[in-house]
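Scroll down for the structure; my scribbles are underneath it.
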Amino acid sequence: MSDWDLLNRFPRVRLVNGPTPIQRLDRLEQVLGESRRGVSIWAKRDDLMELGGGGNKLRKLEFLIGQARSKGCDTLVVTGGVQSNFARLAAAACARTGLACEVVLTKMVPRGTEIYQASGNVLLDRVFGARVHLLGTGDDASAFATARASEIAAAGGKAFVGTLGGSTPVGALGYVDCAFEIAAQSTEIGIAFDHVVIPNGSGGMHAGLAVGDALVGKNPSRIRAYTVLSPAETCVAATVEKVNAVFDLLGKKDRIRAEELAIDGAKLGGGYGVPTCEMIEAIRLVGRSEGLLLDPVYGGKAFAGLLSDIENEVIAPGSNVLFVMTGGSPGLYAYADALSSD
């Protein structure tokens, strides 16, 4: 059985238009000059997916919507923060596949500006036809989503509830698939990546990549993650649990331990979605050197971590590093005040 055959056992709706490209960030390397210490920086362009503005959550939604349709569901109810990329892409994926979509958004970030509440991803949720439920601070989004599913059932429908970030074991299969994709592309271009750098929010992407790396004979510790949602210790525990749940789902007896995961909490700053100076500098650097967009919640903080670790030689000089660009650029508009400030 091939690696991909493992995934073919699961219902799936194709939302991603083929392997996303890997490209070297030559201009960024030139700008960094000697400060990059000979590190080669590459980007896996998961922001280039055609649907809904692109982004990593589409990989999860392929399997989550496959699961929902296999259960006969006609509605997807998802939860997230106000500027949730997962909610935006769930709305777009539902539009593409003919499902109704409801997004339940909570105030996870202490930003109360009108532009934050109504622009960016929230605007696109509505453009894609989702029904938006904006809850108050402290409201239980999961309980609300479950209650909505019951109301939909009472009205004759059937709802599938997608949890925060789509980071269930089934959702994480999308990044098992991505690990297989990276392995194939690495062979094709003749580059062995010493590190794969990612943000870690709800942990599903990290879990999927770790499992995929293990299955293709790579060491999951090469995945270097920067937590953007919770402190490192909490993030490690949650990610270990998810990794092992994915192994179970695939019928594998493999296990991973906390010490095998490289998760750094140094770039979290004041918390989820709270801007940091390093994040803003990273977004500007990549924008001004490559014309590429990092988002302010995930990619900006992770790239700041990558730059810091190159400078401090946590990433060894001369390494080949692959940064996964997870998308989320619509969120930049919700942070216009922070990003336009000096």
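If you're wondering where the values come from, they're calculated on a predicted model, not measured in any experiment. In this chain, residues are counted from 1 in sequence order.
- Atom CG of residue Leu135 and atom CZ of residue Phe144 lie 5.5 Å apart, to the nearest 0.5 angstrom.
- For the pair Thr168/Thr163, a side-chain contact is recorded, criterion being any heavy-atom separation below 4.5 Å from C-beta on.
- A distance of 12.5 Å separates CG in Leu292 from CD1 in Ile283, rounded to the nearest 0.5 Å.
- Pairs engaging residues 219-248 under the ring-ring contact (aromatic ring centres under 6.0 Å, His included) rule: none recorded [sequence neighbours left out].
- Residues forming a side chain to side chain contact (heavy atoms under 4.5 Å, CB included) with Pro231 (at least two apart in sequence, or on another chain): Thr234.
- At distances below 3.5 Å, at least one donor-acceptor pair connects side-chain atoms of Lys242 with backbone N or O atoms of Ser202.
- Between Leu99 and Phe160, every side-chain heavy-atom pair lies at or beyond the 4.5 Å cut-off.
- Here the closest heavy-atom approach between residue Ile152 and residue Ala159 is recorded as CD1-CB, 3.9 Å.
- With side-chain heavy atoms closer than 4.5 Å counting as contact, directly or through intermediates, the hydrophobic cluster containing Tyr175 also holds Ile22, Trp42, Ile182, Ile189, Ile191, Phe193, Val196, Ile198, Met205, Leu209, Ile223, Leu322, Val324.
- Nearest heavy-atom pair across Arg37 and Ile310 is CD-O, 3.4 Å.
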Would Leu76 and Leu61 satisfy side chain to side chain contact (heavy atoms under 4.5 Å, CB included), going step by step from the backbone distance to the final call?
CA-CA 11 Å; Leu76 186 65; Leu61 284 159; 4.2 Å; yes
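- Met108 and Phe86 fall within a single hydrophobic cluster, where Ile, Leu, Val, Met, Phe, Trp and Tyr side chains are chained together by heavy-atom contacts under 4.5 Å.
- The neighbour count for Glu313 CD, taken as heavy atoms of other residues, nucleotides or ligands under 6.0 Å away, is above 12.
- Ala87 and Ser84 get closest at one heavy-atom pair: N-OG, 2.9 Å.
- Sequence neighbours left out, the pairs with a member in residues 269-278 that pass side chain to side chain donor-acceptor pair (under 3.5 Å) are Lys267-Glu278, Tyr272-Tyr298.
- The shortest heavy-atom contact between Ala210 and Ile256 is CB-CD1, 4.5 Å.
- The same ILVMFWY cluster, assembled from side-chain heavy atoms under 4.5 Å apart, contains both Leu7 and Ile65.
- Salt-bridge annotation for Asp248 and Arg255: present, with a side-chain N of the basic residue lying under 4.0 Å from a carboxylate O of the acidic one.
- Using a cut-off of 4.0 Å between Lys/Arg side-chain N and Asp/Glu carboxylate O, Glu62 and Arg12 are scored as salt-bridged.
- Criterion: ILVMFWY side-chain heavy atoms under 4.5 Å apart, direct or through other members. Under it, Leu229 and Val104 are not part of a common hydrophobic cluster.
- No chain of hydrophobic side-chain contacts below 4.5 Å, direct or via other Ile, Leu, Val, Met, Phe, Trp or Tyr residues, connects Phe303 to Val314.
- Sparse packing is recorded around CD of Glu114, with 12 or fewer heavy atoms of other residues, nucleotides or ligands lying under 6.0 Å away.
- Side-chain heavy atoms closer than 4.5 Å link hydrophobic residues (I, L, V, M, F, W, Y) into clusters, and following such links, possibly through other members, connects Leu294 to Val31.
- Put simply, the side chain of Val274 reaches to within 4.5 Å of the side chain of Pro110, judged on heavy atoms.
- Applying the side chain to side chain donor-acceptor pair (under 3.5 Å) definition to pairs two or more places apart or across chains, those involving residues 182-193 are Lys44-Gln185.
- To the nearest 0.5 angstrom, Asp125 atom CG is 9.5 Å from Leu89 atom CG.
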Would you sort out whether Ser329 and Asp47 count as a side chain to side chain donor-acceptor pair (under 3.5 Å), showing the intermediate values?
CA-CA 8 Å; Ser329 59; Asp47 58 319; over 6 Å; no
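- In this structure, the separation between CG on Leu250 and CZ on Arg9 is 6.5 Å, given to the nearest 0.5 Å.
- Although no hydrogens or angles enter the test, the distance criterion places a donor-acceptor pair under 3.5 Å between the side chain of Gln83 and the main chain of Asn121.
- Heavy-atom contacts from other residues, nucleotides or ligands closer than 6.0 Å to CZ of Arg96 number 12 or fewer.
- Summarising the geometry, atom CE belonging to Met279 is positioned 8.5 Å from atom CG belonging to Asp295; distances are rounded to the nearest 0.5 Å.
- Under the side-chain hydrogen bond (donor to acceptor under 3.5 Å, both in side chains) criterion, His195 pairs with no residue at all, not counting sequence neighbours.
- Side-chain N or O atoms of Ser70 include one that pairs as donor or acceptor with a backbone N or O of Gln67 at under 3.5 Å.
- Considering only heavy atoms from C-beta on, Thr79 stays 4.5 Å or farther from Thr106 through its side chain.
- The shortest distance between side-chain heavy atoms of Lys60 and Ser167 falls below 4.5 Å.
- Counting only heavy atoms from C-beta outward, the side chains of Leu339 and Ile280 approach each other to under 4.5 Å.
- Using a 3.5 Å distance cut-off with no hydrogens or angles, the side chains of Thr113 and Asp337 do not pair a donor with an acceptor.
- The backbone N or O of Arg27 lies less than 3.5 Å from a partner atom in the side chain of Glu290, making a donor-acceptor pair.
- In this structure, Val39 and Ala316 approach most closely via the heavy-atom pair CG2-O, 3.7 Å.
- Between Asp46 and Thr20, the side chains place a donor N or O and an acceptor N or O closer than 3.5 Å (distance only, hydrogens not considered).
- Contact of the Leu25 side chain with the Phe323 side chain is not registered, since no non-hydrogen atoms from C-beta on lie closer than 4.5 Å.
- Put simply, the side chain of Val243 reaches to within 4.5 Å of the side chain of Thr239, judged on heavy atoms.
- Contact between Tyr335 and Val297 at its shortest, heavy atoms only, is OH-CG2, 3.6 Å.
- A salt bridge between Glu151 and Arg148 is present, with a side-chain N of the basic residue lying under 4.0 Å from a carboxylate O of the acidic one.
- Side-chain contact check for Arg59 and Asn56: no donor-acceptor pair (N or O, by modelled atom type) lies under 3.5 Å.
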